[in-house]
Amino acid sequence: MIPVAFPELAPALPEILLAVGAMALLMFGVFSGDRSSRTVSWLSVLLLILAGIVVAAGGGAERVTFFGAFVSDAFSSFAKMLILLGSVVAVLLGADQNERDGQARFEYPILILLATLGMLMMVSANDLIALYLGLELQSLALYVLAAFRRETVRSTEAGLKYFVLGALSSCMLLYGASLIYGFAGTTSFDVLATTLQQGEPAIGVIFGIVFLAAGLAFKVSAVPFHMWTPDVYEGAPTPVTAFFAVAPKVAAVALFVRVMIEPLGGLVDEWRQIIVFIAIASMVLGAFAAINQTNIKRLMAYSSIGHVGYALVGLAAGTASGVRGVLIYMAIYIFMTAGTFAIILCMRQKDRAVEGIADLAGLSRQRPLLALALAIFMFSMAGIPPLAGFFSKLYVFMAAIEAAREVPILYVLAIVGVLASVVGAYYYLRIVKIMYFDEPTEGFDRTVSGEVHAIIGVSALVTMFFFLYPAPLLTAAATAAAALVKG
Amino acid sequence: MFAVAIFLPLLAAVVAGFFGRWIGDRGAQIVTCGGLLISMLISWWMLYAIGFQQQAQTVELFTWMASGSFEVSWALRFDTLTAVMVFVVTTVSAMVHVYSVGYMSHDHSIPRFMAYLSIFTFFMLMLVTADNFVQMFFGWEGVGVASYLLIGFWYDRPSANAAAMKAFIVNRVGDFGFALGIMAIFFLFGTVSFDAVFQAAPQMAGKTFQFLGMEVDALTTACLLLFVGAMGKSAQLGLHTWLPDAMEGPTPVSALIHAATMVTAGVFMLVRLSPVFEYAPAALAVVTVVGASTAIFAATVGMTQFDIKRVIAYSTCSQLGYMFFAIGVSAYQAAIFHLMTHAFFKALLFLGAGSVIHAMSDEQDMRRMGGIWRLIPTTYAMMWIGSLALAGLPFFAGFYSKDIILEAAYGAHSGVGQYAFWLGIVAALLTAFYSWRLIFLTFHGKPRANEHVMAHVHESPPVMIGPLVVLALGAVFSGWLAYEAFVGHDHKAFWGAAIFVAERHDPLEAAHHVPGWVKLLPIFVAVAGILVAWIAYILRPGLPEATAEALRPIHRFFFNKWYFDELYDRLFVRPAFYLGRGLWKTGDGALIDGVGPDGVAAATRSLSVQASRLQSGYVYHYAFAMLIGVVVLVSWYLYARI
Amino acid sequence: MIVQTLAFYLFAGLAVASAFMVIAARNPVHSVLFLILAFVNAAGLFVLLGAEFLAMMLVVVYVGAVAVLFLFVVMMLDINFAELRQGVLQYLPVGGLIGLVLLVELLLVVGTWVAAPGIVASDPTPAPGDLSNTEALGRLLFTKYVYFFQASGMILLVAMVGAIVLTLRSREGVRRQSIARQNARTRADTLEIRKVQSGTGG
């Protein structure tokens, strides 16, 4: 029997905190029933914030624990902060919405906590098995959340579709992982990184990467693995959709980046082709398919597909500045998206949620501030300076252009990206046009709670005035990227 | 102190233009008139200080733009030439401001009008005080804009809008030439500052450079390009068509812009650039020919017109021709002298015409006037003074200036000089004729207006008569007073360094030594012209009709302004319209829009529909799409490997 | 050795064949039965590898619990599988083609397999030696793989919570047995003794 040292727990403190806290809150909820849902929500927010503080206190030093399966570094810390932020928003939005719909259930925040735990594990994964377990933990919680409104057909349909397709994607991911294991002989990222740098990679490894990338692309909803996104976004309850669009996306993109850069970093020329392909397909489809939509949640689904395409442009560059671009992109993206979904939550007429884009008509005259905020988000998503969305695009495209000197295909990527963003601007601006120039229909109810308004306000301010003081985000992203791309 | 005179109109325009709503009509009038009157007083003192006390100076304000070797600063250049121009501009402008108080009293937007007038004056002052080409161009374009705004002041009249656009577009042609000229100057001299260019000009004489693939004389080319600019602004033959149409603007505007100041900017520019033009004799010959041709052309057309303002407009065009051929024979002083006297008597004539129009209930056609001289005696007297000065009868202002020009042309002893002299004499005859034709048709004979109008004929209020009197004083005395200083024995001391005449000739000296008949001929033809007009319109009123019938082709040719408008319509306007329409319908509409925005938009839309159709809602479709994606990627790599 | 090889091909062949029959069988009950057969064959493969603990777990958990649960569900739900299968022929050509392409490609890849080039040992865990299979697994699970073990635990927790969230509902009007209340009842609460006069009833 080999004596085994007890693994160091400090690097995984945020995860442990979340796991223990989630179970404690689950017990609390079970024993006090649905009346306690508001308390559980607030305690969950508190827990998430606490976890965030622990992450921040952990700093950016690289620490590996659990026998190499778990890593905590600047990159994971950056991603974790974004994920926790997104989760806080989702809990707050959900608490508000569920209460008004008479659906207040304490499991909602618990499931978000557990999903968040899965995401944190994902971004800290340093082993293919850890990767898969984190992913499954997160996905399973999300399947349940998508079907959370079990009494509505659309919600259950969304949950089921997501589950079936998610299972398929997990199969692909696992198949890819086993191919890689079979051809490289290890699941550890560190060992993989050194092994795969030697010589020409076996074709089996390449196939493994393809399958692995396919599984991950499903999670970030990149074309052609995006098909679930519009249906699930539309069918799931709005706060859940907001959650889907924010936290899991960040986590999956971060995981994607880590897997590609760290263990597979030696094969960048191989996997870049996949990324270029799915990035172009995502940007183009995201831009074109959104034009025809009438449901704002569906529109946001296509918008998020497009945004993932842009973020992947940075990954395709494969450089430190590219990774930095991806991180900046995702950071700004969660602010814009959280704010937009908070506004979608405000779309209620006669105590019923409405989701048609046409329902926004004349919003500027009834709710000028709300319309202004949505206009800011739309302009920002369209990438119009000086709003934050412009800078997010700027950094990924800049990284791509820098790297394009050695890899000319990236020029194509950048050009397609710019063209797609022109097309994309059409549907973003159409919303602005509808709000400001169309004749008003029925006004929205004014029953939304202060938290939602606070989320809208903060997001709008960040989006609007990011350009005044971008330094903290830029340096944090640069540090995080440097932690991943060594040398 | 001098700078105050320049910027007061700007201040007044800003106050009247932006705060007119608060200070009201009366307030706007007081601000602008007050500003201009103060400017006028300063300018009088300025003329005295600079012209007679030699206090020429340059006031540097600040650097405007600096780009490599290209450096331009805002600076006000005050020399005698500037002082004379500032004197003319502010005096006439002040009078027109005051006159406008009465003339525009029934208008709805008085502050706007007063602000336009003041801003025009400011730009004009910027033009004449410019210390470099770019600043001059700034003023040049500024007066163009102000002119556009004022011609189209009554924007609810389609004809006024059309005239404003025409003025602007025709001026663009000239301005393009001017801009090219400035670029040529910068290309040649490496600077746009007047002083530097003037100093370097002698070394440039005779140099050549490549232009449109031809080896051309550098200075001549640059000067001709600049002259094109002057032609546009000063309505010389070829680019004159906008001036008669510009009479759609309110009459004070015609007096200020299209008689006294802006149209003389071309003359001023050439005189200002005398140190350059003196080294380009070929360009000067062109100036002479164009000027003389304009003088005779405009006079012949003026004879046949019936719109009182158009007659005076063609007269202006003709007199500008005089100034240009004076420049062409290097008699710059004479040109400026005529510019000044002309400003007085032409502004007087215009304002007098305005007074008549005011009296006749906005009637402008002389065929519906007549027999009103007893009803508006003061205006009548003013028109006489103006016409006498215009025709050049002795001891009126025009006499001195026109005579010296004709004498200088004769004294040049060159082919183009003779051409200019004889055409000038004929034009003088015609000038006298159409001036008295105007007076006789307007004031004498039987009333041809209806009784309703005749009952309303009344003398203008004092606020309109006052400026007329001031201008009349100028029209009577300015020639006599300024003769010695401008073109007489004191001219060298007076002008100082402002005007440069090459050593090789002295046109003014030559002008003083021409034969006696040359000096007398203009007076003779002027009297003859008046007599002919008297015979034709008082003694034998049927004569003009009969003559017109007898000389039908010529009359029609003159009456239709030598068919310039028709020619341009055929040559430029219609082809441009066809081209524009063609480019619009087929080029832009069908090709660019069809393939470009509309085509792309349609394609985008259909692509979007296709993309949405992919989303069938069936799980197995989605799963299948994922599988296809994987297979495609896997095949791609396998293909790349094999 | 030869016996083991023969056994391997037997189990493997049966596993693949029964897996195919799972999706090919017309009767859903037959499908589930084939699934059980596949599991059993997989367990056999585990035994061949010397992983008897895993083999037993497979039989106990999958065959004994999961598959039987499937069977119950399939039997209780009256699903018309024939209807669900109607689209199959329509999609068969394209689907078959894609599947074939993928299969060929994967076979090509498998053909290139070489035993982990550059890797010293693909089995970092020393042989269990005198330990029993179960004990060795346990020691590994709770030391080196404690992170994965705990993570799996969390996943199962989520699955449990999810199942409850999606299915548990409190119905009105359902009668439930409450043992505490039954025990707490006294004779006085429930029984009322009445004297009935004889002859007056009706």
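Every chain is numbered from 1 and lettered A, B, ... according to where its sequence line falls, protein lines coming before strand lines. Quick caveat: nothing in here was measured; it's all calculated off a predicted structure.
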Neighbour count >12 (heavy atoms, 6.0 Å) for atom CZ, B:R581 | no
Interatomic distance, CG@B:L638 vs CZ@A:F207, rounded to 0.5 Å, equals 4.5 Å
Part of A:Q293 within contact of chain B (heavy atom distance under 4.5 Å) = side chain
Test item: B:Y637 side-chain N/O and A:E270 main-chain N/O as donor-acceptor pair under 3.5 Å = yes
B:F153 atom CZ: more than 12 heavy-atom contacts under 6.0 Å = yes
Look at A:L285, A:I203, A:L160 and state which one has the largest set of heavy-atom pairs under 4.5 Å with chain B.
-> A:I203
Please look at A:F225 and chain B and tell me whether the side chain, the backbone, both or neither of the residue comes under 4.5 angstrom of a heavy atom of that chain.
-> both
With the side chain counted from C-beta on, respond yes when A:I274 and B:W636 share a heavy-atom pair under 4.5 Å apart, and no when they do not.
-> no
Could you tell me whether a side-chain N or O of B:Q615 sits under 3.5 Å from a main-chain N or O of A:M227, the two making a donor and an acceptor?
-> yes
Separation between CD1 of A:I291 and CG of B:L607, rounded to the nearest 0.5 Å | 8.5 Å
Just do the side-chain contact (heavy atoms from CB on, under 4.5 Å) check on B:V619 and A:W228 with the steps written out, would you?
-> CA-CA 8 Å; B:V619 172; A:W228 58 277; over 6 Å; no
Looking only at heavy atoms, which two atoms of A:P224 and B:G629 are closest? And how far apart?
-> CG-CA, 3.7 Å
Bottom line for B:L627: the part with an atom under 4.5 Å from chain A's heavy atoms is both
All heavy atoms of B:A623 vs all of A:L165, minimum pair found to be N-CD2, 3.6 Å
Run the numbers on A:D231 and B:Y622 for side-chain contact (heavy atoms from CB on, under 4.5 Å), then give the verdict.
-> CA-CA 11 Å; A:D231 290 12; B:Y622 296 178; 2.4 Å; yes
State whether the number of non-hydrogen atoms from other residues, nucleotides or ligands found under 6.0 Å of B:Y155 atom OH is greater than 12.
-> no
